[in-house]
Visitor: 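Take this structure, written in structure tokens, and hold onto it; I'll ask about it next.
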Amino acid sequence: MIQVVRIEDAVGHPLAHDVTEIRPGEFKGPAFHRGHILSCRDLDHLRRLGKEHLYILKPEDDEVHEDDAAKAIAGALCGEGVGWHDAPREGKILLRATRDGMLKVDVTVLNRFNVIGEVMCATRHTHTLVKRGEEVAATRAIPLLISRKTVEAAVSEARSAEAGVLQVLPLKRAEVGVMITGSEVFYGRIEDKFQPIIRKKVTDLGGHVIDVVFLPDDDALIAEAALKFVERGADIIVTTGGMSVDPDDRTRFALAQAGAVDMVYGSAVLPGAMFMITYLKGVPVLGIPACGIFAKTTVFDLIYPRVLTGEKITRREIAELGHGGLCLNCRKCVYPMCPFGK
Ligand SMILES: Nc1nc2c(c(=O)[nH]1)N[C@H]1C(S)=C(S)[C@@H](COP(=O)(O)OP(=O)(O)OC[C@H]3O[C@@H](n4cnc5c(N)ncnc54)[C@H](O)[C@@H]3O)O[C@H]1N2
Ligand code: MOO
């Protein structure tokens with residue numbers, strides 16, 4: 001139950017909720033905290049905040065205070081690698097990464113949770129790379145007193161996500177084998193431009209390049225080199241070039257001959273329509289088309305971190321990249337602070 005009283009009559013009573021003050025460009029936050037015992041000295045301050053009345057709360061059994069609702073739903077939303085340590089502020093809880101890694105949001109369950117009404121959770125995009133301590137989401141109840149049934153429905157919806165609606169998955173420090181294909185590079189007709197690009201992308205995400213091998217457009221040699229990397233214990237193999245439509249583009253055929261399975265060739269992303277991912281004796285092999293030497297960011301940057309979390313990439317995961325998968329080729333690339341891959 002909520003009772004309204006004039007602020008003068010609330011003196012000596014605890015505040016029912018945080019009272020917000022906003023001074024543009026200067027401050028936004030609680031001027032008074034829930035539980036603060038109101039004194040005469042507070043009255044002018046409250047009037048400056050536009051408050052002439054306050055609530056006295058007497059929650060019924062079937063009602064929950066916003067702070068308690070926020071704690072219940074936050075607990076239900078968090079999976080591994082996500083948590084919070086601060087008390088609710090103005091009824092809201094900020095959820096943070098408790099380790100470095102990739103934020104994974106169960107968007108389907110998040111949408112079902114937010115459709116319930118009277119509760120909300122706003123998140124960063126799924127698959128964003130985050131550092132320990134960074135904000136990943138925030139959640140709260142909308143009313144000051146919310147029905148217990150609604151909180152229970154929200155908690156149960158959030159828990160329907162097996163691993164939690166929000167997780168931060170650690171990235172494997174991968175040992176990566178790199179195969180640079182193309183007879184023009186192998187025979188020295190042109191200088192290789194791929195090696196430094198791949199090395200940087202691998203090391204930036206904590207990986208180590210085992211070796212870089214150069215190969216002509218020859219099925220048998222490409223197949224043999226890939227199998228050798230598997231034998232040498234590579235966690236991931238990256239191949240470059242030879243991914244499009246001419247007869248010398250052999251990489252995907254060579255890998256199939258080597259025994260690679262679950263191959264997805266072609267992606268709903270530009271740059272990177274000619275991308276390939278396949279699995280050779282369980283080792284993911286990522287084929288980067290030659291656009292990777294021209295464009296700073298490609299489908300590789302979207303998929304590679306996911307592979308480092310151990311996610312199995314199928315046609316479905318590649319297809320889902322189509323929405324938001326068009327890079328605008330900005331003069332100065334600011335990825336990931338742009339719509340690409342979101
Ligand atoms: N008629 C069509 N042409 C192209 C298509 C298509 O569908 N129809 N796809 C285009 C797309 S999309 C891309 S991306 C590229 C993909 O090319 P490939 O991965 O097959 O690359 P290559 O044919 O082997 O080489 C293309 C170009 O890049 C140079 N290259 C390759 N590797 C290196 C390297 N390590 N260092 C320096 N330069 C490299 C190569 O010499 C060629 O000039 O195809 C489009 N074309
Ligand atoms: O694989 Mo290519 O992007 O579509 O240039």
Side-chain angles (χ1 to χ4, degrees), residues 176-204 209-226 229 234 236-258 260 263-278 280 284-307 313-315 317-331 333 335-336 338-342:
V176 180
V178 179
M179 296 169 39
I180 294 183
T181 76
S183 296
E184 72 279 32
V185 177
F186 184 78
Y187 293 113
R189 290 176 205 131
I190 64 163
E191 187 195 345
D192 167 55
K193 298 284 183 202
F194 248 126
Q195 177 168 188
I197 295 170
I198 305 303
R199 276 193 185 278
K200 179 161 182 355
K201 292 194 186 216
V202 167
T203 50
D204 277 357
V209 173
I210 303 175
D211 203 356
V212 177
V213 295
F214 291 86
L215 296 151
D217 299 311
D218 179 289
D219 291 26
L221 293 176
I222 294 172
E224 189 188 317
F229 269 132
I236 296 176
I237 299 171
V238 173
T239 75
T240 72
M243 295 302 300
S244 68
V245 294
D246 59 72
D248 295 314
D249 294 331
R250 303 304 313 162
T251 310
R252 63 188 192 280
F253 304 108
L255 288 165
Q257 279 172 34
M263 184 179 290
V264 183
Y265 171 60
S267 84
V269 175
L270 281 169
M274 305 282 154
F275 175 78
M276 174 214 67
I277 185 161
T278 187
L280 182 60
V285 185
L286 283 69
I288 313 181
C291 58
I293 41 173
F294 190 74
K296 184 161 179 291
T297 307
T298 73
V299 65
F300 178 75
D301 301 272
L302 306 182
I303 290 295
Y304 178 64
R306 291 173 64 172
V307 172
I313 306 295
T314 69
R315 171 71 67 193
E317 284 70 37
I318 300 282
E320 284 174 352
L321 294 174
H323 183 218
L326 181 65
C327 167
L328 297 176
N329 295 311
C330 302
R331 196 178 289 240
C333 177
Y335 179 83
C338 74
F340 181 60
K342 309 291 189 300

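Nothing fancy with the numbering, it's 1 onward along the sequence. Keep in mind the model is a prediction, meaning the values are calculated, not measured. All values below come from the heavy atoms of this structure, side chains included, with hydrogens, waters and symmetry mates left out. Remember, it's 1-based here, ligands and their atoms both numbered in the order they're listed.
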Visitor: Please could you name the atoms of ligand 1 that Ile180 approaches to less than 4.0 Å, counting only its heavy atoms?
Guide: 35 (N)
Visitor: N/O to N/O below 3.5 Å, does that happen between Ala273 and ligand 2?
Guide: yes
Visitor: State which residues pass ring pair (Phe, Tyr, Trp, His ring centres under 6.0 Å) with Tyr304; sequence neighbours excluded, sorted by chain then number.
Guide: Phe300
Visitor: Which bit of Ile293 gets closer than 4.0 Å to ligand 1, counting heavy atoms only: side chain, backbone, both or neither?
Guide: side chain
Visitor: Considering Cys291, Gly292, Ala295, which one's heavy-atom position lies nearest to atom 5 (O) of ligand 2?
Guide: Cys291
Visitor: Whether the side chain of Asp249 engages the backbone of Asp246 through a donor-acceptor N/O pair (distance < 3.5 Å, no angle test) should be reported.
Guide: yes
Visitor: Give a yes/no on ligand 1: does Gly242 have at least one heavy atom closer than 4.0 angstrom to it?
Guide: yes
Visitor: In terms of residue, atom name and distance, what is the protein heavy atom nearest to atom 41 (O) of ligand 1?
Guide: Glu184 OE2, 2.7 Å
Visitor: So, is Met274 polar-close to ligand 2, with some N/O to N/O distance under 3.5 Å?
Guide: yes
Visitor: Could you find the nearest protein heavy atom to atom 1 (N) of ligand 1 and give me its residue, atom name and distance?
Guide: Val245 CG2, 3.8 Å
Visitor: Quick check on Gln195 - does any of its heavy atoms sit under 4.0 Å from an atom of ligand 1?
Guide: no
Visitor: Suppose I only count heavy atoms of Lys193 and a 4.0 Å limit; which atoms of ligand 1 are within that range?
Guide: 34 (C), 36 (N), 37 (C)
